[in-house]
Amino acid sequence: MTFKTLDDLEPGQRVLVRLDLNSPVEDGEVQDNRRFDRHATTVKELAENDHSVVLMAHQGRPGGDDFVSLEQHADILAGHVERDVKFVADTYGEDALDAIRSLEGGDVLLLENTRMVDEELPEEDPEVKADTEFVKTLAEEFDAYVNDAYSAAHRKHASLVGFPLVLPSYAGRVMESEYEANSSIATREFDGDVTMVVGGTKATDVIGVMNALDEKVDQFLLGGIAGELFLRAAGHEVGYDVDDMDLFDDQWEANEETIRNLIDEKGDQITLATDLAFEDENDERAEVPVANITEKDTAYLDVGSDTVATYTPYIHDSEAVFVKGALGLFEDERFAVGTTGVLEAIAETDCFSVVGGGDTSRAIEMYGMSEDDFSHVSIAGGAYIRALTGESLPAVELLQE
Ligand SMILES: Nc1ncnc2c1ncn2[C@@H]1O[C@H](COP(=O)(O)OP(=O)(O)O)[C@@H](O)[C@H]1O
Ligand SMILES: O=C(OP(=O)(O)O)[C@H](O)COP(=O)(O)O
């Protein structure tokens, strides 16, 4: 690890911290999720070391329904940090500066949504961001900057890339652990086989990962939308949009050539489902061998039990397993067999394992598994994808310089 961490920070300083508390919002209510719990570790440690702790975070994007104030985030975070988290509805104006100046060691204050600042959002070079009024004004108030927002580190926004140029900068605990685990496929040599489980709805993303990682990964086990698109390329009548679905045809157009190339050139590294599950006329789960599918009129919502049995030995024999995307619509218990099957197979082994993607990792707690059974459960989506493919994250790079 080449960046400074909280271990290098002298106690009792004025510290500006960037978190990623971006969360689902339902009917205006911010939903608690593991980002709060994870970042609480960093915030608690800073407060216990007598720092005056000022937090920045974003929520949603301007124009979106989830572009809301961070007032609720302060309350949710306080529950996880187990101490008061003050909130000020301002980013770097007089109200924010007054609130910052009134803090004592051990106090924690959350500023308003950084994306309410015009200078935050356009993606620009760090030098440009460091020269904004937002960064220059806030930096005056602090001794140090801590970035804990690994999951937003692919964005060149002011709060992420501006401050490291003007303040001594450190990685928070979430930044450290996410960086180390998620970069390991690019940075570590594993003695045995490396397996990647690929699924979810964002087929274009995961096919990009497969293309970039064919040298590093010995076996890809496919499910979800990408899995069905590969079966379609192999000549099966699956991977087509049925009724008003919008999951397959556009992603097929965008990826057909890449999929065909991967099958031609790397076919022995790709294992596809042997059976699929769908909802029958009694609303129950039914399974069908892929070889028996003759019409493209059914929505397949999971891989089948035979597929799980085929994938399990690959997982058991692996030195490392990386997961990106669910193998089925696991939120519906009838279609969770594929996702829970592979996660349980990973949990049974002591291989190095990383489970990524906000949606997929939710299956762990939903179905009574423990995060402790995996080496790392990531809270990052887009940043995880980039780390897997070895792409650098601008906000992480700046901490390393
Ligand atoms: N065959 C399928 N049909 C519909 N949805 C699916 C299917 N397979 C997986 N999914 C959905 O994919 C979602 C996860 O997709 P994605 O957002 O790409 O992954 P993550 O955010 O976990 O990386 C899950 O919520 C799951 O319901
Ligand atoms: O939630 C986030 O990304 P993710 O959905 O890829 O995990 C980050 O907060 C980045 O948010 P953005 O994609 O609006 O820049």
Side-chain angles (χ1 to χ4, degrees), residues 18-25 33-35 38-39 56-64 66-67 73 113-115 120-123 148-157 159-160 174 178 182 197-209 222-229 231 238-242 245-248 251 273 276-279 298-304 307 322-340 342-343 354-364 366 377-388 393-395:
R18 178 58 156 98
L19 308 179
D20 185 0
L21 300 178
N22 196 30
S23 303
V25 178
N33 64 86
R34 57 162 60 75
R35 284 185 175 165
R38 294 281 178 88
H39 284 300
M56 293 184 292
H58 73 274
Q59 173 61 54
R61 299 177 186 180
D66 62 348
F67 183 60
H73 299 68
N113 191 341
T114 54
R115 291 188 178 174
E120 166 76 347
L121 270 178
E123 295 217 56
D148 213 26
Y150 177 87
S151 47
H154 50 309
R155 307 289 184 213
K156 289 201 283 183
H157 295 158
S159 61
L160 294 155
V174 174
E178 288 278 343
N182 300 346
V197 178
V198 166
T201 53
K202 297 166 206 143
T204 302
D205 282 355
V206 294
I207 290 166
V209 171
L222 267 75
I225 305 313
E228 290 190 42
L229 294 180
L231 288 170
V238 300
Y240 295 85
D241 283 324
V242 177
M245 224 184 228
D246 185 18
L247 282 170
F248 295 101
Q251 299 205 80
L276 293 169
F278 60 98
E279 186 179 61
T298 306
Y300 296 100
L301 302 173
D302 194 11
V303 299
T307 303
F322 293 81
V323 179
K324 177 66 190 92
L327 296 191
L329 186 77
F330 70 84
E331 294 87 344
D332 181 332
E333 205 176 341
R334 295 169 301 168
F335 302 109
V337 170
T339 304
T340 56
V342 297
L343 288 174
V354 181
V355 181
D359 286 324
T360 312
S361 50
R362 262 192 309 126
I364 293 173
M366 241 178 113
V377 179
S378 178
I379 54 170
Y384 177 59
I385 286 274
R386 284 168 177 78
L388 288 176
L393 305 174

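Source: prediction; values computed, not measured. One-based numbering, in listed order, for ligands and for the atoms of each.
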Enumerate the atoms of ligand 1 whose separation from the nearest heavy atom of [X] is less than 4.0 angstrom.
{"X": "G224", "value": "8 (N)"}
{"X": "K324", "value": "19 (O), 20 (P), 23 (O)"}
{"X": "E228", "value": "1 (N)"}
{"X": "A326", "value": "9 (C)"}
{"X": "L301", "value": "1 (N), 3 (N)"}
{"X": "G200", "value": "12 (O), 14 (C), 15 (O), 16 (P), 18 (O)"}

Closest protein heavy atom (residue, atom, distance) for [atom]:
{"atom": "atom 9 (O) of ligand 2", "answer": "D20 OD2, 2.8 Å"}
{"atom": "atom 18 (O) of ligand 1", "answer": "T201 N, 3.0 Å"}
{"atom": "atom 1 (N) of ligand 1", "answer": "Y300 O, 3.1 Å"}
{"atom": "atom 2 (C) of ligand 1", "answer": "I225 CD1, 3.8 Å"}
{"atom": "atom 1 (O) of ligand 2", "answer": "R35 NH1, 2.9 Å"}
{"atom": "atom 4 (C) of ligand 1", "answer": "L247 CD1, 3.9 Å"}
{"atom": "atom 5 (N) of ligand 1", "answer": "L329 CD1, 3.7 Å"}
{"atom": "atom 6 (O) of ligand 2", "answer": "G382 N, 2.7 Å"}
{"atom": "atom 12 (P) of ligand 2", "answer": "R61 NH2, 3.3 Å"}

query = Does a sphere of radius 6.0 Å around CD in E333 hold more than 12 heavy atoms from other residues, nucleotides or ligands, not counting ones at 6.0 Å or beyond?
reply = no
Rounded at 0.5 Å granularity, tell me how far [atom1] in [X] sits from [atom2] in [Y].
{"X": "H58", "Y": "E120", "atom1": "NE2", "atom2": "CD", "value": "8.5 Å"}
{"X": "L327", "Y": "T360", "atom1": "CG", "atom2": "OG1", "value": "8.5 Å"}
{"X": "T307", "Y": "L222", "atom1": "OG1", "atom2": "CG", "value": "11.0 Å"}

Looking only at N/O atoms, are [X] and ligand 2 under 3.5 Å apart anywhere?
{"X": "I379", "value": "no"}
{"X": "H157", "value": "no"}
{"X": "H154", "value": "no"}

ask   = When you measure from the side chain of D302 to the backbone N and O of A277, does any donor-acceptor pair fall under 3.5 Å?
value = no
inquiry  = Can you tell me if G328 contacts ligand 1 (heavy atom of the residue under 4.0 Å from the ligand)?
reply    = yes
query = Taking distance alone, with no angle check, do E331 and ligand 1 share an N/O pair under 3.5 Å?
reply = yes
task = Using distance alone, decide if ligand 1 has a nitrogen or oxygen within less than 3.5 Å of any nitrogen or oxygen in T360.
result = yes
remark   = Closest heavy-atom approach to atom 2 (C) of ligand 2 among L19, D359, I385, N22 is made by N22
List every atom of ligand 2 that sits less than 4.0 Å from any heavy atom of [X], numbering the atoms from 1 in the order shown and giving each element.
{"X": "G381", "result": "6 (O), 7 (O)"}
{"X": "R155", "result": "12 (P), 13 (O), 15 (O)"}
{"X": "S151", "result": "8 (C)"}

ask   = Out of curiosity, is R115 lining ligand 2, as in a heavy atom under 4.0 Å away?
value = yes
query = Touching ligand 2 at all, Q59? Heavy atoms, strictly under 4.0 Å?
reply = no
inquiry  = Salt bridge check, R35 against E178: does any charged N sit closer than 4.0 Å to a carboxylate O?
reply    = no
